[in-house]
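Quick notes on the structure that follows.
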Amino acid sequence: MQRFFDDNVEFKNIVLMVKRSEEIWAKCLQIIRDNVPKNSFRTWFEPIVPLDIQDNVLTIQVPSTFFYEFIEEQFLDLLKKTLHKVIGPDAKLEYHVVMENNSNSEKPYTVKIPAREKTQLVNRPVQMPLDLEANAIVNPFVIPGIKKVHVDPHLNPEYTFDNFVEGECNRLARSAGYAVAQNPGGTAFNPLFVYGGSGLGKTHLAQAIGIEVKKLMPEKVVLYVDANKFLTQYMEATRNNNRNDFIHFYQMIDVLIVDDVQYFAKKEGTQEVFFHIFNHLHQHGKQLVLTSDKPPVELNGMEQRLLSRFKWGLSADLQEPDFETRIKILKKKTYKDGIIIEEEILEYIASHITSNIRELEGALVSLLAQSTLNKKEITMELAKDMIDKLVKSTRREISIDYIQKVVCNYFSMSVDLLSSKTRKREIVQARQIAMFFAKSMTKASLASIGASIGGKDHATVLHACKTVNNLIETDKRFKGDLDEIEKRLKM
Ligand code: ADP
Ligand code: MG
């Protein structure tokens, strides 16, 4: 009985509150209407629903975060004055943002955002389905009615600073990364731009920063994203008209780690959107960590304004590890796995695999696998055998098909186009480049290269090779493209 009574009172209070807020909002609208163009009024104010008023705080409901931000940016002054007039000098405004969860959920979710405190956006409970494999983003905002933000940082717990062996080759990058992790957004290293060849530890180091931040400051929103994933998410978001939600999601991250930004080359749309996200985060003192396979100056196909921002903080490179570091890395791994391998054997591995830590680890793993599978001891003989095979297999011959694939992939076109009759410059050029690499990287004859690429004769291939050689000497951009393709072919 008591309970029913209480509920009933509460219900009545709510009705009263809504009514009062409606009245107040109607008064506000009268003032606003006289101060904004008709169209703006219709677009930005009519959709607003007053929800309640308590202690001079008026809560209004807006349809999206974008809507909320737009109002705050364009009409803040007018809103302030209006509320002041209608409610009084202590008037405050609070927003409820309604976001439809596109994945067929019936209920719109509601989030509270106090006016004029955009940083509060960070406290919205938002989850980004980053796993595109599972499903493409329908709408990056899924708001499970929890108060705290939950963004899966996508960090691999193995990639810690502890597991990252320090050496001459990585000292600067490592200590800069460490400094950033202690004080994200608060050092001069923003962005921290880590570059270096494949398998030299860029991903590991970038993730270590994220892990360390999470360890020291669990409340920070950390996100690791591969540039390719970012690209795909962005395309999906554009296709689903969620571009703004996509941007907003990224704008609430405290430490954003984007791995392999070289993949943004030539993707103008993605660069543009990343530019806005970058600016927003940087302006709000948030930390950016970027990695790339080359330094900013060598990144072709990247907008100048973005490149110049990449250089704002610190660029630090990861170099090939020296012998001692290679040994240290091998020892660390064996120690972690609880295995003892003779020093001599480790030295043999370290002296044969010199330029790539991933391969160094790979060699160790396959040595261990072989010894377990064949129940053989890890001997020098086994190690030599295995290294021999590994080194051979990495020097495999490259096929013409593979070359066509890599070239077309680089120019984002389908392989079929190479054999089309068109005279379009890009296609002709891609074909010539494929022919050029087929000539220099395979043992195939001019005639068979021509036959495989677009059904041309040997003279065409010869002409292609000459043209490409000429362009390499005269056109810097073209040379950049070629270097990149060559690198990918050798990967
Ligand atoms: P990248 O991203 O530059 O291609 P990764 O970060 O993926 O390279 O590193 C390749 C492998 O080498 C990973 O397993 C990583 O843990 C290991 N690795 C790289 N650098 C180090 C290091 N300094 N100490 C220990 N392991 C390392
Ligand atoms: Mg990597």
Side-chain angles (χ1 to χ4, degrees), residues 130 153-181 191-212 222-232 256-265 288-296 298-299 310 315-339 341 346 349-350 352-369 390 394 484 487-491:
L130 278 168
H154 286 251
L155 297 168
N156 175 345
E158 291 293 313
Y159 286 162
T160 57
F161 274 111
D162 275 352
N163 289 339
F164 192 80
V165 172
E166 186 170 352
E168 225 25 80
C169 54
N170 60 33
R171 204 172 315 274
L172 173 67
R174 189 182 191 281
S175 38
Y178 194 75
V180 160
L192 176 62
F193 190 98
V194 177
Y195 65 92
S198 168
L200 293 183
K202 300 180 295 293
T203 300
H204 187 145
L205 180 59
Q207 290 233 347
I209 297 170
I211 291 178
E212 186 75 9
V222 174
L223 181 69
Y224 167 91
V225 65
D226 177 62
N228 265 325
K229 200 167 203 173
F230 183 93
L231 256 163
T232 327
L256 178 62
I257 305 165
V258 185
D259 203 1
D260 289 320
V261 291
Q262 74 272 11
Y263 291 123
F264 287 167
L288 288 125
V289 177
L290 311 171
T291 82
S292 157
D293 65 351
K294 32 181 134 38
E298 287 173 27
L299 279 172
F310 288 175
S315 304
D317 67 335
L318 293 173
Q319 291 163 2
E320 291 179 4
D322 52 56
F323 182 73
E324 236 150 74
T325 312
R326 299 202 294 273
I327 291 281
K328 262 204 237 165
I329 291 173
L330 288 174
K331 281 191 176 160
K332 182 137 207 159
K333 306 269 172 206
T334 48
Y335 181 78
K336 234 178 92 220
D337 293 345
I339 314 151
I341 297 184
L346 292 183
I349 301 177
H352 282 80
I353 298 179
T354 57
S355 59
N356 185 321
I357 300 173
R358 187 178 296 116
E359 282 175 14
L360 196 64
E361 275 185 349
L364 193 62
V365 171
S366 60
L367 189 59
L368 296 178
L390 264 183
T394 47
E484 178 59 36
K487 202 152 147 202
R488 292 194 191 174
L489 281 167
K490 288 182 173 163
M491 247 174 6

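Remember, it's a predicted structure, so these values are computed and weren't measured experimentally. Atoms within a ligand are numbered from 1 in the order they appear, just like the ligands themselves.
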(message) Under 4.0 Å from a heavy atom of S198: which atoms of ligand 1 are those, numbered in the order shown and with their elements?
(response) 4 (O)

(message) Within the 4.5 Å heavy-atom criterion, are V194 and L318 side-chain neighbours or not?
(response) yes

(message) Give me the nearest non-hydrogen protein atom to atom 11 (C) of ligand 1 as residue plus atom name, then the distance to 0.1 Å.
(response) E361 OE1, 3.6 Å

(message) Can you tell me how far apart OG (S315) and OH (Y195) are? Round to the nearest 0.5 Å.
(response) 6.5 Å

(request) Answer yes or no: does an N/O atom from G199 fall short of 3.5 Å to an N/O atom of ligand 1? (result) yes

(request) Assert yes or no for the condition that the ring centre distance of H154 to Y224 is strictly below 6.0 Å. (result) no

(message) So, taking the atom named OG1 in T334 and the one named CD1 in I329, what distance separates them when rounded to the nearest 0.5 Å?
(response) 12.0 Å

(message) Considering non-hydrogen atoms of the protein only, which is the closest contact for atom 8 (O) of ligand 1, and what is the distance?
(response) G201 N, 3.1 Å

(message) If I apply the N/O under 3.5 Å rule, does L205 come out as touching ligand 1?
(response) no

(request) Take the Mg ion (ligand 2) as the centre and count protein N, O or S atoms at distances under 2.8 Å. (result) 1

(request) Anything under 30° is parallel, anything over 60° is perpendicular, the rest tilted; go ahead and classify Y178 against F161. (result) perpendicular

Show me the side-chain donor-acceptor pairs of residues 164-171 shorter than 3.5 Å, one per line, residues at least two apart or across chains.
residue	atom	partner	partner atom	Å
E166	OE2	R171	NH1	3.1
E168	OE1	R171	NH2	2.8
N170	OD1	G167	N	2.9
N170	ND2	V165	O	2.9

(request) Looking only at distances, please establish whether an N/O atom of ligand 1 is found under 3.5 Å from an N/O atom of L200. (result) yes

(message) Just to confirm my output: which protein heavy-atom neighbour is closest to atom 2 (O) of ligand 1, and how far is it?
(response) T203 OG1, 2.8 Å

(request) Report yes if some heavy atom in the side chain of D317 is under 4.5 Å from a heavy atom in the side chain of P295; otherwise report no. (result) no

(request) Indicate yes or no for a side-chain donor-acceptor contact from N163 to the backbone of E158 under 3.5 Å, with no hydrogens or angles considered. (result) yes

(message) Using a 4.0 Å cut-off to any heavy atom of F164, which atoms of ligand 1 qualify?
(response) 20 (N), 21 (C), 22 (C), 23 (N), 24 (N)

(message) Side chains of Y159 and L205, heavy atoms from C-beta outward: is any pair under 4.5 Å?
(response) no

(request) Please work out whether any backbone atom (N, CA, C, O) or any side-chain heavy atom from C-beta onward of E158 is under 4.0 Å from ligand 1, and answer side chain, backbone, both or neither. (result) neither

(message) For atom 27 (C) of ligand 1, what is the closest protein heavy atom, and at what distance to 0.1 Å?
(response) I357 CG2, 3.7 Å

(request) State the atoms of ligand 1, each with its element, that fall below the 4.0 Å cut-off from a heavy-atom position in K202. (result) 1 (P), 2 (O), 3 (O), 4 (O), 6 (O), 8 (O)

(request) Check each atom of ligand 1 against the heavy atoms of N170 and keep those under 4.0 Å away; list them by number with element. (result) 23 (N)

(message) Which residue and atom name correspond to the protein heavy atom nearest atom 16 (O) of ligand 1, and how close is it?
(response) H204 ND1, 2.7 Å

(request) Under 4.0 Å from a heavy atom of Y159: give me the atoms of ligand 1 that qualify, with their elements. (result) 13 (C), 14 (O), 16 (O)

(message) Between K487 and D293, is the salt bridge (charged side-chain N to carboxylate O under 4.0 Å, His left out) condition met? List the steps.
(response) CA-CA 10 Å; K487 202 152 147 202; D293 65 351; 3.6 Å; yes

(request) Take Q319 and L200 through the test side chain to side chain contact (heavy atoms under 4.5 Å, CB included) and record every step on the way to the result. (result) CA-CA 7 Å; Q319 291 163 2; L200 293 183; 5.8 Å; no

(request) Report yes if some heavy atom in the side chain of D260 is under 4.5 Å from a heavy atom in the side chain of D226; otherwise report no. (result) yes

(request) Enumerate the atoms of ligand 1 whose separation from the nearest heavy atom of G197 is less than 4.0 angstrom. (result) 3 (O)

(message) Could you identify the single nearest non-hydrogen protein atom to atom 25 (C) of ligand 1 and state the distance to 0.1 Å?
(response) N163 O, 3.2 Å

(request) Working to the nearest 0.5 Å, report the span between CD1 of I349 and CD of E361. (result) 12.0 Å

(request) Pick whichever of K333, E359, R358 has a heavy atom sitting closest to atom 26 (N) of ligand 1. (result) K333

(request) Could you check which of T291, V165, D226 puts a non-hydrogen atom nearest to atom 23 (N) of ligand 1? (result) V165

(message) Any side-chain to backbone donor/acceptor pair from K202 onto G197? Under 3.5 Å, distance only.
(response) yes

